[in-house]
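Convention: sequence-line order gives letters A, B, ...; per-chain numbering from 1.
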Amino acid sequence: MAISRPRGTGDILPGEIHKWHYLEDTFREVCREYKYEEIRTPIFEHTELFERGVGDTTDIVEKEMYTFLDRGKRSITLRPEGTAAAVRAYLENKLSAGPQPVKLYYTGPMFRYDRPQAGRFRQFHQVGVEVFGSRDPGLDAEVMAMAMDYYARLGLKELELRINSVGCPQCRPVLGERLLEFFRPSLEELCTNCQGRYQRNPLRILDCKSSRCGELSVGAPTTLDCLCNGCAGHFAKVKGYLDLLNISYSVDSRLVRGLDYYTHTAFEIMATDIGAQSSIGGGGRYDGLMEACGGPPTPGIGYALGMERIILTMESQGIAFPEQRLIDAFVVSVDPGAEMKAFEIVFMLRKNGLGADKDHMGRSLKAQMKYAGKLNPRYTVLLGSDELARGTAGLKDMASGVQEEVPLSGLVQRIKG
RNA sequence: GUGGGUGUAGCUCAGAUGGUUAGAGCACCAGAUUGUGGCUCUGGGGGCCGUGGGUUCGAGUCCCAUCAUCCACCCCA
């Protein structure tokens with residue numbers, strides 16, 4: 001093989017594309033019902049957008065971005081996530097001038113230079129939403145409910161919704177101080193990662209997966225211990241709305257979204273049985289992000305769901321994807337003399353809105369039938385010299401095997417009927 | 001970035017201790033008395049045994065390197 005695909009990427013082949021269509025179609029349907037409108041932003045942006053919009057101390061920006069200089073010596077980055085670009089577009093196109101809130105959705109590929117493993121790729125696909133312009137806790141609940149609704153429509157079971165509140169610029173520093181105090185005695189024992197976090201963002205120590213750090217952080221103050229009245233009230237309302245909708249969730253006070261401008265609600269949806277990368281979606285509120293990107297103070301909340309991981313979960317749960325029939329009719333020429341007529345009939349069927357095809361490999365009658373059997377059309381249309389002479393065609397129902405002779409003039413009607 | 005597993009046909013995999021023309025199943029193609037699919041049977045095409053080096057009379061098999069892939073850490077979707 002001369003050239004292979006780049007590491008961590010994948011070809012979505014015709015045999016599985018129906019899964020992606022199903023996910024996308026279902027998502028669009030949900031978005032329509034929830035009144036979210038699609039936005040399509042570039043796949044690449046100025047690197048600076050992500051440095052500011054994702055945070056330059058995050059792993060994503062520090063080591064996972066596909067960044068390059070274009071021919072004009074501009075630093076360009078393939079988008080690693082969708083929120084920053086949506087924020088940029090909202091500001092750049094003055095969507096703030098229209099009615100608020102602005103509810104957007106997007107779908108498409110994202111890029112991160114990670115080591116590939118089960119459920120993790122360098123090019124992967126997300127569907128996501130962002131709501132700009134309102135701090136209503138009802139919207140926090142809405143986006144979570146929407147994500148769960150989407151999963152449910154796909155047939156996913158046994159998902160776990162974890163939620164937390166990470167506070168706001170007023171109460172976060174209080175927590176930060178208390179965390180520094182708490183970990184100061186055991187600073188040397190923390191993993192090297194967390195020693196760095198201690199300096200930059202002690203909140204994330206709570207999130208560390210290392211068992212050592214886990215032990216050390218037992219009894220540590222959590223975000224929930226330090227919420228100010230406003231944040232605690234917001235969180236209580238979010239939970240109230242979720243309860244109202246009978247959406248089950250667990251409060252996970254260790255769930256942290258690391259960026260400074262993330263505020264209030266953070267959530268994550270976990271699946272089982274798809275390997276170590278079990279998060280199939282996550283999101284949160286980011287009331288500080290617009291300002292970080294140079295805009296006026298504007299609240300926002302959103303989520304992103306990983307399509308590959310959703311498909312993995314569906315497959316591991318044995319959920320069937322609706323498969324659409326490739327064609328309605330396959331036209332077979334019984335003898336070479338009928339070849340031209342078969343070609344004509346195929347186009348006639350297509351012009352009438354039917355999916356149709358014929359052999360293009362010079363196959364024998366038997367082989368044409370065999371091929372038709374694989375394409376699984378509802379009908380096979382058989383044309384031979386006898387039929388030609390009578391102006392008819394054999395119409396064979398492939399499921400039942402029953403064949404009848406119908407006049408060409410009534411073929412479309414008969415197939416549609 | 002770190003660690004482990006695996007690279008033989010389109011796919012899933014056999015190929016003890018190195019030894020003739022590298023096999024199977026599935027898939028693909030053709031045929032089973034000449035105008036009909038699914039089942040069955042017969043036959044056929046297809047392999048620089050990931051790549052490069054080394055050891056050896058001889059390497060798919062042993063050694064080294066490299067690349068790819070899978071899994072895990074980290075992080076995330």
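Remark: side-chain polar atoms of A:Arg120 are paired, donor with acceptor, to backbone N or O of A:Arg115 under 3.5 angstrom. The main-chain N or O of A:Val30 is never found under 3.5 Å from a side-chain atom of A:Glu33 such that the two would form a donor-acceptor pair.
Base-pairing analysis of RNA chain B finds the following stems of at least three consecutive Watson-Crick or G-U pairs, with both pairing distances under 3.5 Å: B:1-7 with B:67-73, B:10-13 with B:23-26, B:28-32 with B:40-44, B:50-54 with B:62-66.
Counting non-hydrogen atoms under 4.0 angstrom, A:Gly401 reaches a base of the nucleic acid. Residue contacts for A:Asp335: at a heavy-atom cut-off of 4.0 Å it reaches no nucleic acid atom on any strand shown. A:Gly394 comes within 4.0 angstrom of nothing in the nucleic acid, heavy atoms only. Among the protein residues, A:Leu382 comes within range of the nucleic acid bases, having at least one heavy atom under 4.0 Å from a base atom. Counting non-hydrogen atoms under 4.0 angstrom, A:Met398 reaches a base of the nucleic acid.
Taking only distance into account, the side chain of A:Glu387 meets the base of B:rG35 through a donor-acceptor pair shorter than 3.5 Å.
Both geometric conditions, a ring-centre gap below 5.5 Å and a plane tilt below 30°, are not fulfilled together for A:Tyr371 over the base of B:rG37.
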I'd like a table of atom pairs between the protein and nucleotides 65-70 of chain B - only N or O on both sides, under 3.5 Å - with the distance next to each one.
from   : atom 1 : to     : atom 2 : distance (Å)
B:rU69 : OP2    : A:Arg7 : NE     : 2.9

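When rounded to the nearest whole Å, the span between CG of A:Asp386 and P of B:rG35 equals 11 Å.
At the phosphate of B:rC28, OP1 or OP2 sits under 4.0 Å from a side-chain N or O atom of A:Lys374.
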